[in-house]
Number of protein chains: 2
Amino acid sequence: MHDVSQRIVDIYDELTRSERRMADTILQAPDLVAELSATSLAARAGVSKATAARFFRRLGYAGARVARADARRSIDRDGREPEWRARFGTPRVSQAQHLTAEVQNLTRTIEQIRSDDLDSAIRAFALAEKIWVVGFGENYPLAHFARALLIRVKPDIRMIPIGGFSVPEEFASIRASDAVLALGVGRRTKSLRSVMASSRKADAHVTFITDQIAPVSEDAASVTLRCRTKGAGAFDSVVAPVSVLTYFCSSLALRIGEPALARLEYISQIHAEWAELAGDDF
Amino acid sequence: MHDVSQRIVDIYDELTRSERRMADTILQAPDLVAELSATSLAARAGVSKATAARFFRRLGYAGARVARADARRSIDRDGREPEWRARFGTPRVSQAQHLTAEVQNLTRTIEQIRSDDLDSAIRAFALAEKIWVVGFGENYPLAHFARALLIRVKPDIRMIPIGGFSVPEEFASIRASDAVLALGVGRRTKSLRSVMASSRKADAHVTFITDQIAPVSEDAASVTLRCRTKGAGAFDSVVAPVSVLTYFCSSLALRIGEPALARLEYISQIHAEWAELAGDDF
DNA sequence: CAAGAACGTTTCAAATCTGATCCTGAAAGT
DNA sequence: ACTTTCAGGATCAGATTTGAAACGTTCTTG
């Protein structure tokens with residue numbers, strides 16, 4: 001069966017308020033389930049231990065002990081369970097099912113984002129001298145997308161990694177006046193962690209976009225935006241991350257105001273001029 | 001004060017389960033608040049009328065009537081569409097507005113896609129020898145994303161354009177047994193049209209993903225999938241295209257079946273092996 | 001205007017949720 | 001062996017939630 005975080009996400013909609021408090025604190029740091037007692041988890045979530053006990057039974061475990069044992073096992077084989085394996089059992093996903101899942105992802109994600117988190121991130125990005133967009137592996141397309149939006153609003157957006165250049169050399173020029181957009185949806189790599197750590201060490205602002213399952217290393221990021229990515233089909237969905245990025249960049253543009261507007265118009269004008277020429281692939 | 005959706009988002013965490021059911025159904029179609037009665041909204045959400053009444057009072061309205069009146073006013077105000085220039089006047093697009101817009105995009109898009117269109121595209125892609133993913137300019141991130149999904153399912157996925165290579169030379173090897181995924185959301189370039197034309201001339205299957213505004217060049221593509229991309233903020237939304245791509249690739253994976261599964265597991269295995277080494281940026 | 005329908009509101013009892021308290025058992029210390 | 005301690009489980013009473021039904025109100029229709 002699934003691991004603890006997965007079980008929580010599965011039945012999240014059905015949880016009561018106190019149970020949701022439990023669920024949230026656990027999703028923030030799933031590893032704690034293995035370390036802490038159910039009692040202290042309850043304290044952490046601000047609910048009674050009775051609720052905690054019930055909660056674990058609600059997740060389908062025989063009791064809190066069993067849950068903890070399972071959590072430990074999940075951590076041991078940290079190599080993640082291939083969930084898509086199970087999804088191949090189902091014959092087909094209907095368009096309706098897909099739509100429902102996506103809407104849920106969006107709704108849950110955006111509802112749960114704290115606007116003051118977003119505000120502080122936007123402030124940092126608006127003032128930043130340079131912006132670094134970081135996305136390894138499967139996050140690379142997301143990074144590309146984010147950069148495409150940001151470059152319309154601010155002039156100096158750099159991508160990591162980029163075209164075979166060595167990361168540390170590129171990254172050496174990061175300053176405290178910079179802001180970093182770190183993308184860690186799905187498989188998170190050591191390089192991402194390294195870049196984020198270096199960024200913090202350089203006192204740069206770090207906004208981290210990730211999924212609900214990711215453990216939160218307290219001060220790894222200045223702001224963490226969690227997205228729900230449960231897909232109905234064979235793959236997880238990045239719709240929520242994409243949407244959050246869009247909203248973020250859009251808000252950033254509005255926040256910056258006139259300079260961003262001027263920039264957008266300038267770009268539009270260049271497009272118009274070039275359109276008269278033969279090649280227009282840009 | 002805020003509009004209905006905004007109020008819901010504001011207190012979402014505090015809602016009880018039934019109230020959340022109400023909240024979810026409303027957030028998925030906020031316009032209905034103005035049209036439908038509180039009673040039918042309750043029915044739609046699967047809760048009692050009493051709950052619906054309480055819910056609106058919970059949102060800060062004097063009663064359901066008042067809420068409905070407010071919803072009507074919100075829609076009237078929303079009627080005139082702000083151009084992206086005008087959007088800079090507004091203080092900020094609320095999370096609720098953004099969410100509403102995104103959900104609308106998704107719903108409209110996916111509902112409207114004909115499943116036999118999709119099926120024929122999937123069939124072509126399943127049988128294709130090589131697959132070409134084409135995305136110029138702002139569609140490049142989308143192309144990257146599509147390729148990332150497809151490469152998990154089939155072995156020979158090629159991207160156009162790629163890293164400074166000349167397009168015609170690369171594209172010369174297209175065959176009738178190939179399939180092309182053409183991405184034309186937003187600004188469409190001449191190069192895209194050229195590539196699509198060449199593809200058709202080579203008798204390859206062409207699936208074209210674009211937005212609603214695109215002109216319908218009848219036989220430019222074998223299958224055309226239209227996405228709604230109207231954004232609430234400064235930028236258009238690619239959530240719908242991303243979602244369609246995800247659904248398409250997911251269905252493709254399920255359609256291919258065992259070989260795709262084997263491939264996915266092989267990839268997962270390689271990931272696991274490499275994870276033990278230092279650098280894991282792939 | 002009267003009758004009726006649809007709707008929203010209120011009431012109330014049942015269902016559910018939740019925390020305080022108590023109980024059991026295991027582990028560690030004496 | 002006895003005590004202590006701590007975690008989990010069970011119980012129960014109080015609080016909250018919830019739907020059914022009764023009750024007004026508004027609107028339509030004849």
Side-chain angles (χ1 to χ4, degrees), chain A residues 3-4 7-8 10-27 29-75 111, chain B residues 1 3-4 7-8 10-27 29-75:
Chain A
D3 76 340
V4 179
R7 290 185 192 214
I8 293 177
D10 283 347
I11 62 164
Y12 192 83
D13 303 342
E14 301 303 320
L15 298 179
T16 69
R17 272 186 291 185
S18 299
E19 289 174 336
R20 215 148 23 114
R21 299 247 281 284
M22 276 294 292
D24 287 340
T25 51
I26 289 180
L27 284 177
D31 292 1
L32 290 186
V33 178
E35 296 166 17
L36 268 55
S37 67
T39 304
S40 31
L41 278 174
R44 202 172 258 250
V47 302
S48 69
K49 35 182 207 157
T51 303
R54 277 189 295 258
F55 177 71
F56 284 114
R57 233 168 298 130
R58 195 93 194 284
L59 291 181
Y61 294 109
R65 284 188 188 290
V66 189
R68 208 172 152 186
D70 184 53
R72 267 195 252 269
R73 256 181 293 116
S74 297
I75 287 187
E111 272 165 3
Chain B
M1 189 142 174
D3 75 341
V4 179
R7 291 184 191 215
I8 292 177
D10 284 346
I11 62 165
Y12 191 83
D13 297 342
E14 302 303 318
L15 297 178
T16 69
R17 269 188 294 184
S18 298
E19 288 173 337
R20 258 204 326 272
R21 299 249 277 283
M22 277 292 292
D24 287 340
T25 49
I26 290 179
L27 283 177
D31 291 1
L32 291 187
V33 178
E35 296 167 15
L36 268 54
S37 67
T39 303
S40 30
L41 278 174
R44 203 172 257 252
V47 302
S48 68
K49 311 191 290 175
T51 303
R54 276 189 295 260
F55 176 71
F56 285 114
R57 229 169 303 127
R58 194 88 193 283
L59 291 182
Y61 294 108
R65 283 190 184 292
V66 188
R68 205 171 155 187
D70 184 52
R72 266 197 254 269
R73 257 179 290 116
S74 298
I75 287 187

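Below, read A as the first sequence line, B as the second, and so on, with proteins coming before strands; counting in each chain starts at 1.
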ask   = For C:dT10, does either OP1 or OP2 sit under 4.0 Å from a side-chain N or O belonging to B:R57?
value = yes
query = Considering only C:dG8, D:dG8, C:dT10, which nucleotide approaches the side chain of B:A64 most closely?
reply = C:dG8
ask   = Between atom CD1 of A:I26 and atom CG of A:L59, what is the distance when rounded to the nearest 0.5 Å?
value = 7.0 Å
note = Walking DNA chain C from its 5' end, the first of B:A38 and B:R54 to be reached, judged by nearest nucleotide, is B:A38
inquiry  = Using whole Å, what does the distance between atom P of nucleotide C:dT9 and atom CZ of B:R68 come to?
reply    = 12 Å
key: A:G46 or A:R65, whichever maps to the more 5' nucleotide of DNA chain C   = A:G46
remark   = With the side chain defined as heavy atoms from C-beta on, A:T51 is closest, among C:dT18, D:dG19, C:dG8, to C:dT18
key: Presence of B:S48 side-chain N/O under 4.0 Å of D:dA20 phosphate oxygens OP1/OP2   = no
query = Does any N or O in the side chain of B:R57 come within less than 3.5 Å of the main-chain N or O of B:G63, such that one atom is a donor and the other an acceptor?
reply = no
request  = Would you confirm whether A:R21, through its side chain, and A:G46, through its main-chain N or O, come within 3.5 Å as a donor-acceptor pair?
outcome  = yes
Atom CZ of B:R44: over 12 foreign heavy atoms under 6.0 Å = no
query = Base, sugar-phosphate, or nothing for B:A50, non-hydrogen atoms under 4.0 angstrom?
reply = base
Selection from C:dG8, D:dG9, D:dT18 that lies nearest to any side-chain heavy atom of A:A53 = D:dG9
query = Hey, does the side chain of A:T16 come within less than 4.0 Å of C:dT18's phosphate (OP1/OP2), counting only N and O?
reply = yes
note = Rounded to whole Å, the CG-P distance (B:L41 to C:dT9) equals 13 Å
ask   = Is B:K49 side chain donor-acceptor paired with the D:dG19 base, going by distance under 3.5 Å alone?
value = no
